[in-house]
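Bear in mind the structure is a predicted one, so any value in this text is a computation, not a measurement. All heavy atoms count here, side chains included; hydrogens, waters and symmetry mates do not.
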2 protein chains.
Amino acid sequence: MTVAAIIVAAGRGRRMGADRPKPFLPLGGRTVLARAVAAFASHPRIAAIVVPVADLDGARVALGDLAGRVRLVAGGAERQDSVRRGLEALGASDIILVHDAARPLVPAWLIDAVIDAAAAHGAAVPGLAISDTVKRVAPDGAITGTVPRDDLRLAQTPQGFRAGILRAAYDAAALSAARGTDDAGLVEACGGAVRLIPGSSRNIKITLPEDLALAEALLALPPKEGGRG
Amino acid sequence: MTVAAIIVAAGRGRRMGADRPKPFLPLGGRTVLARAVAAFASHPRIAAIVVPVADLDGARVALGDLAGRVRLVAGGAERQDSVRRGLEALGASDIILVHDAARPLVPAWLIDAVIDAAAAHGAAVPGLAISDTVKRVAPDGAITGTVPRDDLRLAQTPQGFRAGILRAAYDAAALSAARGTDDAGLVEACGGAVRLIPGSSRNIKITLPEDLALAEALLALPPKEGGRG
């Protein structure tokens, strides 16, 4: 079973308010992008890595020694376009993982779990339960209700797919002009089954400046006993 | 305008898997409870603090010097019962804040913002937008859909209320045996208007062991410029 990964790094990350794209920001002595790529490049089950980026030269610098381990491709206007270009650049593989470079702390055990669940179920997404009360708000800030959250999960990446399922979902999305916030959403949109598996609390998404500080802090924490942190 | 705070510390925090109740766990050289209480005790607009706890003696030890700043009362079987006992112990005040001791890092600016919004609107809840895709799952882990999240917020505490509104909501809940996951939910249940205001990303809820490590890491971070972290 061959496994390939697409690590999407084409986003600008405007909410960071930084002077350069989010994947190029420093995190613990490397860049965010290099940390995300290293998680897959060092994983024994990953045979190929494609990285859609907005700035090819910038990505080479950000990757440093790791640049030789990945295939860089030009990303598209939106995330979905970037994944599509990654799919076009990938050779044959049994399982495809799609990961956001904005999650640079993904643990190796989670990559394994997503591969196994994708192989078993066709499509798999890691996710976390919600520990906070969820409110629905009107545009003016008035709360219109409390949303039951027992059956809700916050989705993470990598999301994993049997290659044919992901490619078919992207082909269908191209025909229907469907837009999704994540890859599993496109599989769901054409009726495909997707399995949710437990995610990792370390696997945060860097969206706001304080998330980067948080990631620095998490890097300083030891991995949990048993590895399921 | 007098403002009082109820800081609920009666929960056991079983998901922590620790040898003592969550409020009594150490965090940056103090206890979780002492940090939560200190945020209110050091705030110039807070006139009175009531703390419902399961273990009065343990709480005195956990609070140390701060024990003299609060009124400790015995909590109830569930969070809602504990808040009710806090309300019974509180004297007259214009605004009542209800806070979970499990959020020990609440910033002073957020306490101010909740007081002001409660005074203006009657009831106010701080909350954060959701940056992750939200999935709905069946009991077997199959994803049944992607949930639009633009109008969803993750609610935090302190939640703030004009005193009459909160007391009326608790009276109504006692008659109807209504249970809510938060205090604003009881106000919503009797048709009261609640306003959502921006929360703080530092104001995490300590639920799992890794949250405590994260709180330690956040303590080491400097407050953001402008104070809105």
Nearest non-hydrogen partners of [X] and [Y], listed with the distance:
X: B/S82; Y: B/G75; result: OG-CA, 3.5 Å
X: A/I7; Y: A/V37; result: CD1-CA, 3.8 Å
X: A/A34; Y: A/A62; result: CB-O, 3.6 Å

* Mind ranking A/G185, A/A184, A/A213 by heavy-atom pairs under 4.5 Å with chain B and telling me who comes out on top? =>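 If we count pairs closer than 4.5 Å to chain B, A/A213 comes out on top.
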* **A/T207 portion near chain B, given a 4.5 angstrom heavy-atom threshold** =>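 Side chain only.
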* Asked: Is chain B contacted by the side chain of A/I197, its backbone, both, or neither, given a heavy-atom distance below 4.5 Å?
  ->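 The answer is neither part of A/I197.
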So, [X] and [Y], do they make that salt bridge, N to O below 4.0 Å?
X: A/D112; Y: A/R45; result: yes
X: A/D132; Y: B/R103; result: yes
X: B/D183; Y: B/R84; result: no

* Asked: Using a heavy-atom distance cut-off of less than 4.5 Å, which residues of residues 155-170 of chain A contact chain B?
  -> A/A155
* **Inter-chain contacts: residues 134-144 of chain A against chain B, heavy atoms under 4.5 Å** => A/V134, A/K135, A/R136, A/V137, A/D140, A/G141, A/A142, A/I143
* Interatomic spacing from CD1 in A/I95 to CG in A/D116 - rounded to 0.5 Å ->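 Result: 9.0 Å between the selected atoms.
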* Does A/T133 reach the side chain of A/R149, with side-chain heavy atoms less than 4.5 Å apart? -> yes
* **Sub-4.5 Å side-chain heavy-atom contact between B/L27 and B/P104** =>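 Answer yes - side chains close enough.
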* Asked: Can any side-chain N or O of B/H121 pair as donor or acceptor with the backbone N or O of B/A123 at less than 3.5 Å?
  -> no
* Asked: Between B/L218, B/L110, B/L128, which is the residue that forms a side-chain contact (heavy atoms from CB on, under 4.5 Å) with B/N203?
  ->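 Single side-chain contact (heavy atoms from CB on, under 4.5 Å) partner of B/N203 among B/L218, B/L110, B/L128: B/L110.
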